[in-house]
**Student:** 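Attaching a single structure in structure tokens format; questions to follow.
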Amino acid sequence: MTQLGMTLFSLTPQWREGADAVGLLEQVAAAGCGPAVELIGHQAWRGFPTVATEDERAFRGAVERLDLVPVALGVYTDLFRHPGRPRTVEQAFDDVAPQLAAAARLGFPTVRATLGMEPQLLHRIAAEAERIGVVLTFEVQGATSPDAPAVVELADLQQRTGSPFLGLTIDFSLTTPALPAALGTALRRLGLPAPGVRAVHEAWDQDGPIGPRIGAALAVVAGHPREAELVPLVAGVLGRCGRTAPGEWSELLPLVRHAHAKLWDTDVEAVRGPHGEWLRALSAVGYQGAVLSEWGGHELLERDEADAMAVSVAHVALLAELAGDRTAATA
Amino acid sequence: MTMTEGILHSDAVSVRAGRLHLAVHLPWYRSLPVSCLEAVEVTVDGARAPLRSVSTGGFTGPLADAVGSAAWWDLRDALDVALDVPAAFGVTHQVGLALAVRIPYIQQAPGVPLVQRATAQIEGTVR
């Protein structure tokens, strides 16, 4: 049966204010947002992938004491650590391999990485993951399509190797019926007038591939005094709001090892439809992994406009209701 | 809390050896290599404030040297920006900040990493 829970990425405001892993795990458990938890290595531990023995012991002790289940760790390939010259395959491998080892030491059976790893590096990292017994997943989210080259490459590699240690993290943002209301809030805060906010929505509402739709939205903010901040905001959010249906991913669903139920707004009812669809689609293929609430609204809303934990509580309850898990719904 | 919110706390302005210092927090959700620091521009009372050095995670040096650093800017730590501006305890200044950090794992186009830009203004009393 699917385990529900949350990624502690949702609590980014607390991390940025200096919270520590054990303290946040205690809050998650007290709020009934477990049992499954995901953390991001470079968010949770100073000096990651080096994790001090006492921090490792404290983390393992906390999840055991709190009846939480560490299901996935976010890891990163920082290819552009230096401007203009991406890391070589060897350098990137040396960056990522210790993160996999840290995941294993901390008790995470799975890691989640950013989709699009260069093939030679992908092959090496996949072999390393299998060697140490950690499942390597790549996140498909937003406007990614099932036939995207990076998705096809990954699926081909998994098929060729038959490795149970390679798969996908599926993010429910693949199915986003409407842009989040919180985007409008953020755009207005940056000084985009109402007609501009409307035009950004109209650009996203157009038919066609995401690239030209983002281009049309960026044309709206071109020349604005805060264009430099508006551009990544508009491109980043529109690119993470996809319009594929779960059925379009059916051939790839057997590769799913981990799942994010993404939302942006504080009103969790906004995602009832698509998140219900995704839970049914995963259930239909016998998915046994976790489904984690992931709230990204902290990127758009200020501290006094949203309470990350309150949104997470409401969303985990919604997921439990949709999954038909009454125990978790009332936890 | 948006990424920009909280990059300058109310107690961000301080004085050391008669010079103004500014404590700047990361406009991102995870720690980043110091080498990803692309730009730090500060104004004090409307005038451009020259940078003497930046310091965090064991790195201290001119901004231009950050690119060669292997240190990390931890999410929990402030970047200490030393300014070539005389300062005195208890004086209040209008401080403006424009910050740019490269996000080393997100490409906005093939081979072009995303640069996160954030601006903030505070009225800060030197402590």
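Proteins come first, then strands; the chains are lettered A, B, ... in the order of their sequence lines, and each starts at number 1. Note that the structure is predicted; figures quoted are calculated from it, not measured.
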**Student:** Does B:Arg76 form a side chain to side chain contact (heavy atoms under 4.5 Å, CB included) with A:Asp20? I'd like the steps, not just the answer.
**Tutor:** CA-CA 9 Å; B:Arg76 286 147 282 265; A:Asp20 68 280; over 6 Å; no
**Student:** Based on non-hydrogen pairs under 4.5 Å, which of B:Gly111, B:Ala118, B:Gly57, B:Gly6 is most in contact with chain A?
**Tutor:** B:Gly111
**Student:** Let's test your reading of the structure: which of B:Ser31, B:Gly68, B:Ala100 forms the most heavy-atom pairs below 4.5 Å with chain A?
**Tutor:**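 The residue among B:Ser31, B:Gly68, B:Ala100 with the greatest pair count is B:Ser31.
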**Student:** Which of residues 298-305 of chain A have a heavy atom under 4.5 Å from any heavy atom of chain B?
**Tutor:** A:His298, A:Glu299, A:Leu300, A:Leu301, A:Glu302, A:Arg303
**Student:** Please classify the contact of A:Ala19 with chain B as side chain, backbone, both or neither, using a heavy-atom distance under 4.5 Å.
**Tutor:**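 For A:Ala19, backbone heavy atoms alone lie under 4.5 Å from chain B.
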**Student:** Does any heavy atom of chain B fall under 4.5 Å from the side chain of A:Ala306, the backbone, both, or neither of them?
**Tutor:**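 For A:Ala306, there is no contact with chain B at all, as no heavy atom is under 4.5 Å.
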**Student:** Are the side chains of A:Phe9 and B:Tyr29 in contact, using a 4.5 Å heavy-atom criterion?
**Tutor:**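 A side-chain contact under 4.5 Å exists here.
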**Student:** I need the residue from B:Leu26, B:Thr4, B:Leu75 with the largest number of non-hydrogen atom pairs under 4.5 Å to chain A.
**Tutor:**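 Heavy-atom pairs under 4.5 Å are most numerous for B:Leu75.
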**Student:** May I ask you to establish whether B:Arg30 and A:Tyr76 are in a cation-pi arrangement, using a distance under 6.0 Å from NZ or CZ to the six-membered ring centre and at most 45° from the ring axis?
**Tutor:**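 So B:Arg30 does make the cation-pi contact.
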**Student:** Tell me, for A:Thr114 versus chain B, whether the close heavy atoms (under 4.5 Å) come from the side chain, the backbone, both or neither.
**Tutor:**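 Side chain of A:Thr114 only, per the 4.5 Å heavy-atom cut-off to chain B.
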**Student:** Under a 4.5 Å heavy-atom cutoff, which of B:Val34, B:Asp77, B:Leu32, B:Val112 has the most pairs with chain A?
**Tutor:**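 Most heavy-atom pairs under 4.5 Å with chain A: B:Asp77.
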**Student:** Got a sec, which pairs hit side chain to side chain donor-acceptor pair (under 3.5 Å) with one end in residues 56-69 of chain B, sequence neighbours left out?
**Tutor:** B:Ser55-B:Thr60
